[in-house]
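Worksheet: the structure to be examined is printed underneath.
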Amino acid sequence: MIRGKFITLEGGEGVGKTTNLAFIKDYLQQHNISVIVTREPGGTKLAEKIRHLLLDKDGEEISEQAELLMMFAARAQHIKHVIEPALAQGKWVLCDRFTDATYAYQGGGRNMKISTIEWLENLVQGALRPDLTLLLDAPVEIGIERARKRGAFDRFELEKVSFFEQVRRAYLLQAELHPKRIKLIKANQPLADVQKAIVDVIHPLFGLCPSHGVVKGVVK
Ligand code: T5A
C-alpha cells in the first residue's frame, strides 16, 4: 500500500481555512483520491475535549506552558488514532491546522521558546511532517473582520491585534524556513482566485505519487 499524502492548511483567524478545506476535499475526490478531513486541536474524542478546554473563554486561566502541552497532547492522540492509520491505508489527510500553528501562536504569539516547540515536535511526531502546507495569508484586520461576521469569539480570538500580527509574522517565517513544503496563498482576493491558486499548488502532488489521480488512476 502506498502511503497517503498529508496536507495541512494554516493561517491566522478567519483567513478561509475551513472554507477551502471543503473545496480541496471535493477537488481531490473528483480525482478519485480517498481523503479524510480533520482538524487541530481536535480530531479524536479526547483531542476534541482538549480543544473545548483550550477555546473556552470562560474557564480557568490557562498558563502558556499548559497551553503548549495541551496542543501537543491533543496532537499525540490525533496522530496515533487518526492521521497515521489513514496515511498507512493510503488515504490522504487534509488537516485544518497542525504544528506550524504551534510555531505561530505559541512561538510567535506567546513568545515561547522555539527550541522547546521543536523538542515537543520531535517527541510527539517522530519523523511525521506534512507533505504540503498551504499557508493562507491576509492582513490581520481582514481575517478578524471575517471571523467577527461569523459569530462569537473564542479564547484566542479575544487576543489583541498585536498578538495576531506576531502570529502572522511567525507563519511567514515558517514559510521562509520551509519553502519546499509551505506554499503561500494570498487570501485577501476573491474566493475563486484563492481556489485557483490552491489548485495550482496541489496538482503537482499527484505527479509525486504514482498510484494517484492524473498519473495512473484510482486510489482504493
Ligand atoms: N491554535 C491551534 C494554537 O494556538 N496552536 C496550535 O497548535 C493549533 C493547532 C483554533 C485556535 O487554536 C489555535 C489557533 C486558533 O485560534 P480554529 O477554529 O481552528 O481555532 O481556527 P480559526 O482561525 O478560529 O478558524 P476560523 O473558522 O475562524 O477561520 P478560517 O477557517 O480560516 O475561516 P473560514 O473558512 O471559516 O472563513 C471565515 C469567513 O470568511 C469567509 C467565509 O465565507 C467565512 O464567512 N471567506 C471569505 N470571504 C471573502 N473572500 C474570501 N477569499 C474568503 N474566504 C473565506
Side-chain angles (χ1 to χ4, degrees), residues 6 8-15 17-18 21 38-84 93 95-130 133 135-141 143-148 150-178 182:
F6 182 26
T8 58
L9 255 87
E10 296 281 2
E13 308 297 310
V15 288
K17 296 174 299 299
T18 311
L21 216 67
T38 186
R39 67 174 180 183
E40 289 217 346
T44 75
K45 234 172 160 180
L46 176 58
E48 288 291 331
K49 284 185 183 170
I50 297 174
R51 176 189 178 92
H52 178 76
L53 294 171
L54 279 163
L55 299 190
D56 181 10
K57 59 182 186 312
D58 302 316
E60 173 179 319
E61 191 192 328
I62 301 177
S63 76
E64 290 170 357
Q65 285 86 352
E67 183 180 283
L68 177 66
L69 293 170
M70 287 164 80
M71 290 294 175
F72 273 107
R75 185 160 298 140
Q77 289 298 108
H78 193 203
I79 290 170
K80 181 175 164 72
H81 295 295
V82 175
I83 297 176
E84 275 297 354
V93 176
C95 190
D96 195 340
R97 298 191 186 278
F98 194 62
T99 307
D100 292 305
T102 313
Y103 283 100
Y105 282 77
Q106 282 65 51
R110 305 270 191 242
N111 279 314
M112 298 212 65
K113 268 193 185 166
I114 296 303
S115 56
T116 307
I117 299 175
E118 281 169 348
W119 189 85
L120 287 166
E121 180 181 36
N122 289 328
L123 174 78
V124 167
Q125 294 172 220
L128 178 71
R129 299 291 182 276
T133 298
L135 173 55
L136 298 176
D137 178 61
V140 166
E141 323 74 79
I144 292 178
E145 187 49 34
R146 285 183 192 165
R148 180 174 293 129
R150 201 204 37 206
F153 281 178
D154 64 35
R155 191 174 66 87
F156 285 98
E157 289 164 343
L158 290 171
E159 290 290 342
K160 295 191 193 102
V161 170
S162 58
F163 174 87
F164 296 112
E165 295 288 3
Q166 282 166 234
V167 167
R168 185 180 183 204
R169 273 199 294 279
Y171 264 134
L172 292 173
L173 178 62
Q174 281 295 99
E176 262 178 58
L177 293 173
H178 307 281
I182 303 182

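- Between Lys17 and Arg97, the shortest heavy-atom distance links the atoms NZ-NH2, 3.3 Å.
- Considering only heavy atoms from C-beta on, His78 stays 4.5 Å or farther from Arg39 through its side chain.
- Separation of atoms CG (Leu9) and OG1 (Thr18) is listed at 8.5 Å; rounding is to 0.5 Å.
- Between Gln77 and Thr44, the shortest heavy-atom contact is O-CG2, 3.7 Å.
- Looking at every heavy atom in both residues, Thr38 comes nearest to Leu21 through O-CD2, 4.1 Å.
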Should Glu141 and Phe164 be marked as a side chain to side chain contact (heavy atoms under 4.5 Å, CB included) after you check the CA-CA gap, both sets of side-chain angles, and the distance that decides it?
CA-CA 9 Å; Glu141 323 74 79; Phe164 296 112; over 6 Å; no
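- Pro41 approaches Glu48 most closely through the heavy-atom pair O-OE2, 4.5 Å.
- Between Arg129 and Glu121 there is a side-chain heavy-atom pair separated by less than 4.5 Å.
- Within the 4.5 Å cutoff, the side chain of Trp119 has no heavy atoms near those of the Lys113 side chain.
- What you find for Lys57 and Leu158 is that their closest heavy atoms are CD-CD1, 3.4 Å.
- Arg148 is listed as a side-chain neighbour of Phe153, based on a closest heavy-atom distance under 4.5 Å.
- Taking all atoms of both residues into account, the shortest heavy-atom contact from Ala175 to Leu135 is CB-CD2, 4.0 Å.
- In this structure, CZ in Phe98 is found 5.0 Å from CG in Leu128, a value given to the nearest 0.5 Å.
- With rounding to the nearest 0.5 angstrom, the CD atom of Gln106 is 6.0 Å from the CG atom of Leu68.
- Rounding to the nearest 0.5 Å places OG1 of Thr116 at 9.0 Å from CD of Gln65.
- Judged purely by atom type and a 3.5 angstrom limit, Gln166 has no side-chain atom pairing as donor or acceptor with the backbone of Phe163.
- Using a 4.5 Å cut-off on side-chain heavy atoms (C-beta onward), Leu120 and Arg75 make no contact.
- Under a 3.5 Å cut-off, the side chain of Asn122 and the backbone N or O of Glu118 do form a donor-acceptor pair.
- Put simply, OH on Tyr105 and CD on Glu13 are 3.5 Å apart, with the number rounded to the nearest 0.5 Å.
- Separation of atoms CG (Leu177) and CD1 (Ile114) is listed at 9.0 Å; rounding is to 0.5 Å.
- Side-chain contact check for Tyr171 versus Asp137: every heavy-atom pair is 4.5 Å or farther apart.
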